Amino acid sequence: MERTGLPARIERLLAAWLAFAMRWPVLVIGLAVLSAAGALYYTVHHLRINTYPGDVLSDALPWRRDLLAFEKAFPQSRDSIVIVIDGATPDQARDAAARLCQRLQSDTQHLQWIFFPQESPFFRQNGLLFADLPELETLSARLAQVQPFLAEVSSDRSLRGLFALIERAIGQARTDDIDLGPVFASIAGTLRAYLAGSPAHLSWIELMSGRKTDPGDRRVMIEVMPRLDFDTLVPGEALIAEIRQAITALDPQASGVTVRLTGDGALSLDELKSASLGAQMASVGSFIGVSLVMLIGLRSLWLVITTQIALILGLIFTAAFAAAALGSLNLISVAFSVMYIGIGADYAIYLCLRYRELAAVLPAHRAALERATLHVAGSLGIGTLTTAIGFFCFVPTSYAGVAELGIISGVGMFVSLIVTLAVLPALLCLRRPVRYRGPRDQRRALPRFLLTAMAFPARHSRGVLTVAGALGLLALFGLHHAQFDHNPLNLQDPQAESVQTFRELLHDSGSSPWSLSVLTPTAEEAAALAPRLARLATVAQVRTLEDFVSTHQDEKLTLIDELSLTLGPDLDSAKRKPAPTAAEQEDAIRHFHSVLAAYLAAHPDAADAPTGRELERELGRLLKRIDALPPAARGAQLQGVTTSLLGALDRQLAQLSDALHARRIDATDLPADFRARWVSAGGLHRVEIKPKEDLHDRAAMQRFVAEVRAVAPHATGLPVVYIESSAAVVRAFLEAFGYALVAITLVLLLTLERKVDVVLVLAPLVLASLLTGALITLLGIHFNFANIIALPLVFGMGVDNCIHMVHRFRTAPPADGLVLHSSTAFAVLLSAFTNVSAFGSLAVSAHRGMASMGMVLTVGIVTTLLCSLLVLPSLLTWLQHAYRNLRRRRGPAHRR
Amino acid sequence: MRFLNFLLVLLLIAAGNTAIAQPAEPQRQSADKLNAALIEVMRDAKRLGYEGRYRKLAPVVKEAFQFDVIAKSVLGKYWNSLAPGERDAFVAKLTDLSVATYASQFNAYDGQSFRYDGIESARADRSIVRYTLLVPKGEPVKFDYIVSPDGTRWRIVNIIADGISDLALKRAQYTSIMEREGFASLMAKLSQKIADYAKK
């Protein structure tokens with residue numbers, strides 16, 4: 001009988017358990033399923049998922065302390081949802097925003113707060129103080145120009161009022177040479193849009209300010225904070241649903257606006273959606289793929305089913321452990337399931353293949369099962385120990401997310417071992433997996449050409465090793481070019497609304513949501529720091545509370561005062577003429593059409609004649625359309641024209657009239673929710689620094705952060721978090737791999753009989769790691785927060801593969817001495833294919849992080865496979881030759 | 001006690017009497033005087049002729065309006081660019097123009113009268129005094145005077161006729177001339193206008 005490599009006591013204990021399990025298989029299975037059901041129940045009720053990405057790092061890091069201090073002082077800075085409203089005109093954007101805001105405010109169940117300062121009484125009233133002096137002068141000059149129109153239309157907000165006032169203006173234009181061109185053009189443009197079915201309204205903001213607005217003016221942003229519960233997988237989902245409903249009620253298309261959601265809250269929801277969709281696709285794909293691969297490899301449906309059952313049982317127990325020990329998973333430790341499926345499936349495959357191999361040559365399949373289990377127990381035991389220790393090495397790193405992943409996966413390895421050795425045999429013994437083929441069966445598991453191919457490493461061991469060594473050296477240099485992509489947006493589905501909107505905001509330096517903040521104890525210090533930061537080349541804007549206490553208030557108030565005097569008291573007049581009937585409206589259009597025609601005929605060369613003719617033409621088209629309608633249907637048409645010409649007037653007049661009540665302000669007058677973003681409850685002042693460049697560019701983010709921190713070392717904010725946490729992650733992983741390598745070496749030294757085997761296990765492993773890193777870099781994939789998780793899995797599998805191969809070679813070498821011809825080699829191959837089929841499907845996921853994780857896993861598994869099936873056997877052969885040569889040289893004297 | 005009560009009642013009566021006896025709120029004074037003068041020249045329009053109306057109205061208009069304030073508002077940012085001498089010249093021209101405008105437009109009497117409608121307070125301790133010019137054979141015209149305290153008196157700083165602000169109209173015209181042609185041209189145009197009124 002072959003050796004198992006197990007200590008005698010453990011071997012006796014395991015044999016006794018196997019005897020029991022095979023005698024009472026149904027009892028064992030029943031107990032296992034029952035306890036799994038219990039564990040599942042417990043897990044579902046106790047395991048929470050913490051989705052806040054920042055929380056996966058240790059709080060002891062200095063930049064984390066800065067961040068925590070900032071978040072404590074300004075808790076509103078985190079996880080809000082930003083509603084981005086773009087309108088056909090600024091009027092429509094603001095109107096939609098105000099309506100949305102009003103509706104959302106009533107939702108106290110899901111909404112914690114809503115931040116929309118433009119609509120607050122303070123900013124409505126004092127908004128003009130925040131314009132700069134020349135702007136305000138231009139505006140008041142313009143308003144003086146349009147005052148006669150406003151006065152008229154304010155008391156008669158209908159087509160009748162509008163056209164009457166332009167008629168009057170035309171009369172006046174002749175004596176006072178007023179250029180009506182812009183007014184004609186605006187109205188003509190709106191009518192043309194209306195007739196073409198566009199929802200764009202006449203912009204009274206443009207008309208009043210006299211300037212064309214840019215896209216920035218047509219965009220309004222509202223920030224909302226959901227009542228958050230980080231324990232739910234999808235924070236803010238209810239509020240987002242509520243917002244979407246409100247948006248639908250707004251009828252964005254008819255209102256001429258597009259409303260999109262972004263901000264951290266919406267981003268994480270979209271991320272969870274696309275990630276879970278990716279995971280679901282991967283699950284389905286991997287289930288089919290894994291089953292197929294196993295079916296081909298194990299050639300027994302029974303073995304496939306039992307393997308899958310063992311896998312599910314083990315996953316449930318591991319999750320239950322996570323629930324009991326940690327209570328929650330974070331975005332990184334949730335990947336334990338990937339580790340478990342990757343490595344846990346291997347254990348079952350090793351056992352099943354060895355069992356198949358033995359059952360073919362042993363008459364009693366139960367005896368074959370016992371021998372197979374005892375034999376794989378040796379290598380699985382060492383494998384579990386080393387892999388688990390490898391995972392436990394993540395615990396001391398500063399990356400709490402990785403540390404937790406290490407704990408769960410490490411324990412998961414033991415769970416996998418126990419399930420494979422204790423429960424799987426009970427399932428397997430129920431049926432014989434293959435026909436008995438007699439004791440001399442040397443039937444190949446594979447066709448002859450493959451077997452010949454598999455002899456390659458043994459035959460050309462020197463060549464393989466030379467090439468491997470050279471590649472390893474190259475890879476070592478190539479690794480220097482490996483890069484870590486710290487931008488979490490790159491992990492997300494680039495098609496997601498929140499991602500696209502966010503990138504748009506990033507692109508526009510005025511609205512970049514990625515800014516940095518510095519806390520200062522006093523306003524004076526903030527004021528002293530601000531100009532030093534503003535001078536930096538990468539900084540677009542620096543703001544403190546003081547910037548919202550407008551300067552030159554005396555001059556501005558004088559201007560506003562004059563403006564108020566000029567515009568008179570009845571701007572937003574409550575006294576209205578009675579609303580006109582449809583017939584009156586129609587008459588008003590017809591009458592104006594003829595007045596305009598007469599004016600144009602009399603003054604064909606006037607400056608405003610070209611736009612006047614344009615307006616005449618559009619009016620003509622409008623009248624034609626009205627004429628084509630039956631009288632009963634004309635009311636609706638006229639209502640439509642009224643809305644597109646005058647729909648935005650009410651709000652704008654109200655706004656203007658509020659703005660004329662501006663008064664002298666200081667910092668204490670600002671609304672509380674606004675102030676709270678600049679001064680904390682504890683009196684800390686915030687200096688906000690906006691970047692000039694688009695921080696979606698990695699190098700730009702690094703430049704910005706480096707420059708700002710050179711001036712203000714404690715500056716914090718998402719850019720710092722991303723750069724520092726990626727540095728922390730890289731450091732954590734390097735440390736973890738360092739510790740793991742040392743620990744695994746020690747474990748191997750203690751457990752392996754021949755100390756030279758330690759080199760046999762580690763050399764291919766190190767080579768595989770180097771090659772994986774280099775290949776990933778060569779393929780142009782950057783390491784990131786998601787795909788870096790694949791590395792421990794690849795590493796763990798590599799350890800296991802090499803241990804199994806060496807163990808098999810030492811304890812039960814195949815008859816021809818070629819380890820590649822053993823079931824173990826086949827198991828290595830099969831488990832690699834299983835994993836590629838399980839995780840390769842991630843590579844096509846819309847979630848970029850998942851996709852890159854799939855790529856890294858695939859590359860890693862392939863290089864690991866090559867190293868354990870090509871380099872390791874070559875190394876074994878070469879060592880054997882070297883050993884034999886050594887013995888021969890020392891001569892027969894040494895032989896006993 | 002009885003004596004005290006008696007005194008109190010007397011005082012109250014006295015206070016009531018003085019309130020009734022007051023001709024009008026102080027804010028109204030300038031506007032009332034101007035309105036009265038306007039009606040007066042209209043009644044006597046034919047006899048007085050343009051020159052006569054001008055002479056009669058000039059002191060009243062000068063007294064009623066705060067032309068320095070109006071001039072500054074009308075020119076907006078251009079006011080600051082004028083030399084002190086230019087400013088004085090402009091104020092004088094504006095005054096002249098206003099008198100000329102009244103003299104030329106209030107040139108016939110058709111039974112018109114001003115009806116006082118009330119007072120409201122406005123921004124920056126100003127008040128609005130509202131009137132309606134009743135025209136027996138035509139549409140009434142709303143006249144809102146914005147008055148501002150000037151020392152001990154209240155004087156007019158803007159007139160809003162049927163919603164249309166005189167300041168706004170003037171400002172729109174004058175600043176556009178200033179922008180295109182400059183101060184000299186503005187003064188020339190105003191002189192021309194005054195001359196035109198005189199010819200009518």
Side-chain angles (χ1 to χ4, degrees), chain A residues 125 133-156 161 164-165 168-169 172-173 175-180 210 555 557-577 607 657-664, chain B residues 66 69-81 117-130 132 142-148 155-181 185 189-190 192-193 196-197:
Chain A
Q125 196 182 321
L133 217 45
E135 250 174 35
L136 199 54
E137 271 167 357
T138 317
L139 180 72
S140 48
R142 173 70 187 181
L143 284 172
Q145 274 177 358
V146 296
Q147 190 278 339
F149 309 93
L150 295 180
E152 181 97 27
V153 84
S154 165
S155 60
D156 185 4
L165 87 85
R168 190 150 124 184
Q172 199 129 48
T175 51
D176 296 332
D177 54 86
I178 298 173
D179 181 12
L180 286 169
E555 291 97 317
L557 284 169
T558 309
L559 274 178
I560 294 168
D561 219 44
E562 269 179 26
L563 187 60
S564 153
L565 175 64
T566 309
L567 293 183
D570 299 323
L571 195 61
D572 188 16
S573 172
K575 294 172 205 132
R576 307 273 171 89
K577 287 190 187 161
S657 154
D658 283 351
L660 292 179
H661 290 99
R663 58 189 170 81
R664 168 165 288 286
Chain B
Q66 256 177 285
V69 174
I70 296 171
K72 188 170 175 292
S73 296
V74 155
L75 286 189
K77 63 176 175 182
Y78 298 103
W79 176 260
N80 293 331
S81 62
D117 294 333
I119 291 186
E120 288 160 35
S121 60
R123 187 185 166 82
D125 63 23
R126 290 192 285 258
S127 290
I128 304 150
V129 193
R130 296 187 191 269
T132 305
K142 285 194 172 307
F143 272 80
D144 297 335
Y145 294 91
I146 301 184
V147 292
S148 175
R155 295 168 75 198
I156 301 167
V157 283
N158 192 9
I159 298 180
I160 294 161
D162 256 356
I164 298 189
S165 151
D166 183 52
L167 269 188
L169 278 180
K170 289 203 164 95
R171 180 171 173 149
Q173 293 168 31
Y174 298 180
T175 52
S176 99
I177 296 170
M178 282 294 280
E179 194 181 324
R180 281 178 288 144
E181 297 159 42
S185 173
K189 283 200 168 163
L190 295 183
Q192 181 60 47
K193 213 164 197 172
D196 288 348
Y197 283 139

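This structure is a prediction, so every number in the text was calculated from the model and none was measured.
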Sorted by chain and residue number, the side-chain hydrogen bond (donor to acceptor under 3.5 Å, both in side chains) partners of A:R663 (sequence neighbours excluded) come out as none
Toward chain A, the part of B:D144 with a non-hydrogen atom under 4.5 Å: side chain
Is it the side chain or the backbone of A:S140 that comes within 4.5 Å of chain B heavy atoms, both, or neither? both
Could B:K142 and B:D162 be called an ion pair, given the rule that one side-chain N must be under 4.0 Å from one carboxylate O? no
Can a donor-acceptor pair be found, under 3.5 Å and without considering hydrogens, that links the side chain of A:Q147 to the backbone of B:G163? yes
Quick check on the interface: out of B:D166, B:V157, B:V69, who has the most heavy-atom pairs with chain A under 4.5 Å? B:V157
Should B:D125 and B:S148 be marked as a side chain to side chain donor-acceptor pair (under 3.5 Å) after you check the CA-CA gap, both sets of side-chain angles, and the distance that decides it? CA-CA 7 Å; B:D125 63 23; B:S148 175; 4.9 Å; no
With a 4.5 angstrom heavy-atom cut-off, could you sort out which part of A:L143 is near chain B: side chain, backbone, both or neither? neither
So what's closer than 4.5 Å to chain A heavy atoms on B:T175: side chain, backbone, both or neither? neither
Is it the case that B:S176 and B:R180 place a side-chain donor and acceptor less than 3.5 Å from each other? yes
